[in-house]
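Excluded from the calculations below are hydrogen atoms, water molecules and symmetry mates; all remaining heavy atoms, backbone and side chain alike, are included.
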Amino acid sequence: KADAIAFAWEFLTKTLGLPPERLSATVFTDDDEAFALWKKTSGLTDDRVLRLGEKDNFWAMGETGPCGPCSEIHFHQGDHLPCDEARAGRRCLGPACECDRWLEVWNLVFMQFNRDAAGTLTPLPKPSIDTGMGLERITAILQSVPSNFLTDLLRPLIDHVARQARKAYGAREDDDV
């Protein structure tokens, strides 16, 4: 875990040059090890390492089989983006929110257990880590656009289809841009 977290943080902040103040991490509720590692490795404060439940930060292939807690790195795209919580007079939930203000860019799955049909978790004899970053998401961040559909990777394709369909992409408020 220590090496995976350190590598992810170094790659995002040093290699790609993302500002650390715009990054937050999430960990599984009970994963004290990952919580401590994020704070030690990145210098993130308690309020920037969120503990989330099984729905958000526990990965499983299915009801049975290899599984484990996961950790995610989120990038703050800005408070100018709409948030239903903020519209309702509540505070945005940060990386736990469903809005576009925070974008998950990296996932670290700590494959530690095998879950049997009864739901019992047994430690794996050789735990592993599955880690990955979304190319289209990091491209959007590096190009300072709020959606991967607006990057130079995908926007030309969308524009071509829009011309063929004779429909302007993004013309309606409910278009997903």
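At least one donor-acceptor pair under 3.5 Å links the side chain of Arg101 to the backbone N or O of Leu81. Listed for the Ser24 side chain is no donor-acceptor partner under 3.5 Å among the backbone atoms of Val49. For Gln143 (side chain) and Asp152 (main-chain N/O), a donor-acceptor pair under 3.5 Å exists by modelled atom type. Looking at Arg115, its side chain never comes within 3.5 Å of a backbone N or O of Pro66 through a donor-acceptor pair. Side-chain atoms of Arg137 never come within 3.5 Å of backbone atoms of Leu103 as a donor-acceptor pair (strictly under, hydrogens ignored).
Salt bridge Asp32/Arg51: present, at least one basic N to carboxylate O contact under 4.0 Å. Between Glu33 and Lys1 there is a salt bridge, with a side-chain nitrogen of the basic residue lying less than 4.0 Å from a carboxylate oxygen of the acidic one. Using a 4.0 Å cut-off between charged nitrogen and carboxylate oxygen, Arg163 and Asp159 do not count as a salt-bridge pair.
The shortest side-chain heavy-atom distance between Leu12 and Ile138 falls under the 4.5 Å cut-off. For the pair Ser42/Pro20, no side-chain contact is recorded, criterion being any heavy-atom separation below 4.5 Å from C-beta on.
When each of Glu72, His76, Gln77 is tested with His74 by the rule side chain to side chain donor-acceptor pair (under 3.5 Å), just one qualifies, namely Glu72.
In the hydrophobic clustering of this structure, Phe75 groups with Leu108; members are Ile, Leu, Val, Met, Phe, Trp, Tyr whose side-chain heavy atoms approach within less than 4.5 Å, directly or through other members.
One side chain, Asn57 or Thr26, offers a donor N or O that lies under 3.5 Å from an acceptor on the other.
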